[in-house]
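Start at 1 and go down the list; that is how both ligands and their atoms are numbered.
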Amino acid sequence: MGPPGVGKGTQAARLKSLLGVPHVSTGDILRASMKEKSALGNEVRGFVESGRLVPDGLMGDLIAERLQRDDATAGFILDGFPRTLEQVATLDRVLGRLGRPLDKVLMLTAPESEIVRRLAGRRTCPSCGAVYHLDSKPPAAAGICDACGAALIQRPDDTEAVIRERLRVYHAQTVPVAEAYRTKGILAEVDGTGDLDAVARRLASGLGRAA
Ligand code: AMP
């Protein structure tokens, strides 16, 4: 968990290698469906591009389907789900059916000024999904993906007005989710500032593992 731009996607990809379980990012799944122009993609585009949350019913179906796949039987890292209290209840139901409770909820934190700076400078590769930052992780050739050579883009929801809306939605709808997990005793807050290796080490130790 954590606000948009705090580094969930980047760190989840690293944890995936450490733990050997899939990284399930609901944002990535939605963006892939939008790119394919599938029925789901067309239905969610307006929500995603304006920084609002996709309705809980749609998200519940999506996560139930994803967590039932074979690659998730040994575990998974959820990134970007659950984001509302209703999604917490859905996840409990799905995991109850699968007989697999949540081990731990890690919440990355960073000051809001840092988050806005990170998101406004973020550039992504629409082809392979690699993520760059204009200041802290620029590509070798401006505007071109190092990994696959495609032209980099700014996510439509990484513009300043939409960033503000995403932060508002985070505070209104997702902070209560963190509080629910805190009450359950499975939430660990992890400082998301500093270099990527340091954050990765803190996350691993939050899971009782060495990075
Ligand atoms: P992210 O990549 O996690 O920042 O997600 C990008 C956008 O996808 C969000 O601003 C929402 O519009 C949508 N989204 C991702 N995950 C969820 C979720 N669990 N519930 C509702 N909307 C979501």
Side-chain angles (χ1 to χ4, degrees), residues 1-16 22-67 72 76-95 102 105-110 112 114-126 128-133 152-178 180-181 192:
M1 294 192 64
V6 77
K8 299 185 296 294
T10 304
Q11 292 294 340
R14 298 175 68 132
L15 272 182
K16 169 188 164 165
H23 166 202
V24 176
S25 157
T26 46
D28 285 351
I29 295 172
L30 295 173
R31 278 184 292 279
S33 70
M34 285 161 53
K35 196 170 155 201
E36 281 167 15
K37 299 194 164 61
S38 67
L40 173 71
N42 294 334
E43 206 168 342
V44 302
R45 185 181 307 277
F47 294 101
V48 174
E49 292 189 347
S50 62
R52 285 171 300 146
L53 292 184
V54 170
D56 287 330
L58 272 181
M59 295 308 301
D61 293 346
L62 184 153
I63 209 73
E65 189 279 322
R66 180 62 188 88
L67 296 184
F76 42 80
I77 300 157
L78 278 179
D79 160 12
F81 189 96
R83 265 171 148 104
T84 66
L85 288 173
E86 168 122 15
Q87 293 180 12
V88 171
T90 303
L91 184 60
D92 281 347
R93 268 198 309 279
V94 171
L95 295 181
L102 273 190
V105 177
L106 300 172
M107 181 164 76
L108 278 174
T109 60
E112 196 149 308
E114 171 69 8
I115 283 166
V116 174
R117 189 195 70 78
R118 287 187 191 180
L119 287 173
R122 178 158 76 176
R123 296 295 180 271
T124 56
C125 175
C128 73
V131 180
Y132 300 87
H133 189 279
L152 300 178
I153 59 158
Q154 183 174 35
R155 273 173 46 177
D157 59 343
D158 279 348
T159 49
E160 180 111 17
V162 184
I163 291 169
R164 296 278 169 208
E165 174 63 8
R166 289 164 68 202
L167 286 168
R168 189 194 65 73
V169 167
Y170 176 76
H171 287 292
Q173 313 227 54
T174 308
V175 168
V177 170
Y181 287 130

Any donor-acceptor pair under 3.5 Å from K8 side chain to G2 backbone: yes

Contact list for residues 51-63, test salt bridge (Lys or Arg N to Asp or Glu O under 4.0 Å), sequence neighbours left out: none

Criterion salt bridge (Lys or Arg N to Asp or Glu O under 4.0 Å) on D157 and R122, from CA distance to verdict: CA-CA 11 Å; D157 59 343; R122 178 158 76 176; 5.5 Å; no

Backbone of L15 reached by a side-chain donor or acceptor of H23 within 3.5 Å: no

E49 side chain reached by M34 side chain, heavy atoms, under 4.5 Å: yes

Proximal protein residues to ligand 1, non-hydrogen atoms under 4.0 angstrom: T26, G27, L30, R31, F47, V48, R52, L53, V54, M59, G80, F81, R83, Q87, R155, D157, R166

Exam field: side chain K35 to backbone P126, donor-acceptor pair closer than 3.5 Å: yes

